[in-house]
Amino acid sequence: MTDIKRIALFVTCIVDQTMPEVGVATVRLLRRAGFEVDFPQAQTCCGQPFFNSGYRDQARDLARRTVELLDPYEAIVLPSGSCTAMIRLEYPHLLEGNPRWYYAAKRVAAKTYELSEFLGKFAPDFLNNEQLAMSNEQVAITYHDSCHMNRMLGIKDAPRTALAAAGYEIDDMTESDRCCGFGGLFSIKMPEVSNAMTAEKIRQGKETAVHTIVTADPGCLMQMRGMVQEGDGVEVKHLAVALDEALGRGAGEQGNKGDGR
Amino acid sequence: MTATVSEFRERATVAIADVRLQTALEGATGRFAASREAALAELPWADELRDHFKAMRAATLANLAAHLETFERNALAAGAQVHWAQDGAEACAIVTEIARRRGVTLAAKSKSMATEEIHLNAALAEAGVRPVETDLGEWIIQLAKEPPSHIIAPAIHKTKEQVAELFERESGRPQSADDIPALTAEARRMLREQFLAAGMGISGGNVMVAETGSVVLVTNEGNGRMVTTAPPVHVAVIGIEKIAPAWDDAAVWLSLLARSATGQPMSIYTTVVTGPRREADPDGPEEVHVVLLDNGRSHLLGSKYEEVLQCIRCGACLNVCPVYREAGGHAYGSPYSGPIGAVISPLLFGLDKYAALPHASSLCGACKDVCPARIDLPRMLLELRADLVEQGLAPTKEGAMEKAAAFALRYDKLWRVVTGLGRVGQRPLLKNGKLQVPDQFNPAGERQLPSLAKKSFHDLWRDGEV
């Protein structure tokens, strides 16, 4: 295995705009695991929303600029299985037929990782060696397998291994891999069906003895949060935040100095 | 029938609000899916068998015309008559003409999606032939005057109470919803008379076997056997893609079909029809007709959608589909619902008529996982969505918004400006840090939309706060 030192964070548009704390937690984890993290600041969106709704030209434009931006790095890490699937599996298809872009897309695809997958591959012992900082009430969670991460990338164990190493106990839902109802444009185009699917997901989450649903995908997180009612007593958390909390926030890390722009 | 986005939403909303339907649907699909999983787990080399099956289906379709001609030759040699129907109207005309020639007034039918697809019952009624469905589920929905809501379990949305009500109306005798054996016996009594009185039996076909010109039917109730043997004429209507070159191939097909559909190792009855009754046979029809139905299928050969013709109509994809499990089958406005219906309805009946269906999916991929032929249904839904855009069938407003958003995202500085304006613009709508959008303006319905964070990750990084 190559020894990776410096990685690029592709934070995803949802995290960037609506849940930056997930990005912060991701950076903190990666630094703590010994990696130097760079954030290519021109990044916007991987283009998946456009690809999935049939707007291929628009998706292609965004794929090209993202490939160009990420190609110089040794590895790229995303706090999202879905966007990782887009870059890894769809970019090469989308940019097929143009040798200049196709090979670059293949290159980028081969070095793009979802967060827990990356940690499992390149820092497998990191979580085991950390001091845990959780109370007993916090440790029980249930994990939602996000569809693209589970089925397209085949990543099922890595997030669970990471959560277990961080001291969490996972109480599984009846169908941990049943879709949360997000599906991008689907959630706006068919809100009644989408919301009914989310309600079912949350119902299954509530059926477990725990109050925290953890997921590795910002899309699912946004969707479930939107449907959790105040009386549900359910909290939905991103994997990065859950891991970061387990390690105790804010301890011993080197911050980014910022470019002052 | 059609399925525009608003039609799909309306019908789905009705289904979601129907507690009885939801209970019936969630229970039945869950049981089917669990049984399927257990049945495949019992099979050694289940994965390899599916790979083999897919390869066989692909190879057959690559040479479909030759296999159909072989089938025709062998079916003719066995004494059957073979008809080629380019579309539904042609197929209906063929069947009603046979009925007219034979003076048929009552036709007993076993369950067939192909005849649902071409609306054969309506054509028969118009020609003065009364069709009676003899599959219990099909009969229930025929009595209820509804289309099927599941490929293999057409009355999956009905509860036993609703069935008892329908039977009571039909039989004129009181029925108890709590005594299912009695309900079944009642159905048996009423249907038995129809089999004996029918001048024609109409079936579909689960698979044709080219090497012997045979049509194979699987049923759990034995009605398929009655339909194909009791009446003097048997007509089978079958899509041209459902063909196996040899019995070895059909064996693999059948070993996956029932397991994928209901989780049974085999259906209770597997009926093979090879031509009409021979001289030494004690029973069987005098005439056997096979209607080979194209109805848009051959257009898919050689296209990016050819793979979808590998489908064997087991219905496994419906049972695991989270959209189908909430919206129910009727939302799709097509005899074919669920993920496979969302792909083939637009392809066979028109993308313009079924524009909602490519979008009736969260692209979760559960369908692809359980398909015995591993058909990449999510990929095809994506292709259909791209076709909608390319053919100008996507809403103009949606197109304008998608293009504007993509334009802003291409220029990161512009994107920062746009999202910055959004941060300012959302202020009047924020309450305790949460976005409160009035219901009539909330495209997400009852779901709360996320607000933009005070500071984006980008800004946090730029300012050295990460």
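Worth knowing before you read on, the calculation uses all heavy atoms, side chains too, and leaves out hydrogens, waters and symmetry mates. Per chain, numbering begins at 1; letters A, B, ... match sequence-line order.
Shortest non-hydrogen contact noted between A:Phe186 and B:Ala360 is CE1-C, 4.2 Å. Across A:Asn195 and B:Ala444, no two heavy atoms sit closer than the pair ND2-O, 2.9 Å. Closest non-hydrogen pair, A:Gln17 versus B:Arg416, comes out as NE2-NH1, 3.7 Å. Closest approach of A:Ala42 to B:Asp412, counting heavy atoms only: O-CB, 3.3 Å. The heavy-atom pair separating A:Lys189 from B:Pro395 by the smallest distance is NZ-CD, 4.1 Å. The two residues B:Ala406 and A:Leu62 make their nearest non-hydrogen contact at O-CD2, 4.2 Å.
Note that NZ of B:Lys403 and CD of A:Gln58 are 6.0 Å apart. Values are rounded to the nearest 0.5 Å.
In this pair, A:Phe39 and B:Trp461 present their aromatic rings tilted. The plane angle is within the 30 to 60° band.
Contact annotation for A:Val27: only side-chain heavy atoms (C-beta onward) come within less than 4.5 Å of a heavy atom of chain B. Residue contact with chain B, scored on non-hydrogen atoms closer than 4.5 Å, involves the side chain of A:Leu9 exclusively. For B:Ala331, no part lies under 4.5 angstrom from a heavy atom of chain A. The parts of A:Gln223 that come within reach of chain B are both its backbone and its side chain, each placing non-hydrogen atoms under 4.5 angstrom from that chain. With a threshold of 4.5 angstrom between heavy atoms, B:Lys454 does not approach chain A through any atom at all. For a residue to count as touching a neighbouring chain, one of its non-hydrogen atoms must lie under 4.5 Å from one of that chain's; by this rule A:Val193 touches chain B with backbone and side chain alike. Both the backbone and the side chain of B:Glu402 come within less than 4.5 Å of a heavy atom of chain A. Contacts between A:Ile14 and chain B at a heavy-atom distance below 4.5 Å are absent for every atom of the residue. Neither the backbone nor the side chain of A:Arg225 comes within contact range of chain B, judged by heavy atoms closer than 4.5 Å.
Not counting sequence neighbours, the partners of A:Arg203 by the salt bridge (charged side-chain N to carboxylate O under 4.0 Å, His left out) test are A:Glu200, A:Glu207.
In terms of heavy-atom pairs under 4.5 angstrom with chain A, the leader among B:Leu435, B:Thr419, B:Asp459, B:Val5 is B:Thr419. Options A:Tyr55, A:Phe51, A:Phe182 differ in how many heavy-atom pairs under 4.5 Å they form with chain B, and the most are formed by A:Tyr55. With chain B as the partner, the residue from A:Gln43, A:Arg56, A:Met19 showing the most heavy-atom pairs under 4.5 Å is A:Arg56. Between chain B and the options A:Ser194, A:Ser187, A:Cys13, the largest number of non-hydrogen pairs under 4.5 Å is found for A:Ser187. Note on A:Val24, A:Asp57, A:Val11, A:Asn52: by heavy-atom pairs under 4.5 Å with chain B, the leading option is A:Asn52. Ranked by heavy-atom pairs under 4.5 Å with chain B, the list A:Gly184, A:Gly47, A:Ala196, A:Gly181 is led by A:Ala196. The candidate with the highest count of non-hydrogen atom pairs below 4.5 Å against chain B, out of A:Asp16, A:Thr18, A:Asp61, is A:Asp16. In terms of non-hydrogen atom pairs under 4.5 Å with chain A, the most contact-rich of B:Leu449, B:Leu363, B:Asn442, B:Leu409 is B:Leu409. In terms of heavy-atom pairs under 4.5 Å with chain A, the best-connected choice from B:Gly365, B:Gly445, B:Pro358, B:Gly422 is B:Gly365.
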Check step by step if salt bridge (Lys or Arg N to Asp or Glu O under 4.0 Å) holds for B:Arg379 and A:Glu90. CA-CA 10 Å; B:Arg379 166 81 34 206; A:Glu90 305 295 3; 3.2 Å; yes

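The side-chain heavy atoms of A:Arg178 and B:Cys364, taken from C-beta on, include no pair separated by under 4.5 Å.
Within residues 380-388 of chain B, the residues that have a heavy atom under 4.5 Å from a heavy atom of chain A are B:Leu382, B:Glu383, B:Arg385, B:Ala386, listed by number. Residues of residues 318-325 of chain B having a heavy atom under 4.5 Å from any heavy atom of chain A, listed by number: B:Pro322, B:Val323, B:Arg325. Contact residues of residues 144-155 of chain A toward chain B are A:Cys147, A:His148, A:Arg151 (heavy-atom distance under 4.5 Å).
At least one donor-acceptor pair under 3.5 Å links the side chain of A:Arg65 to the backbone N or O of B:Arg410.
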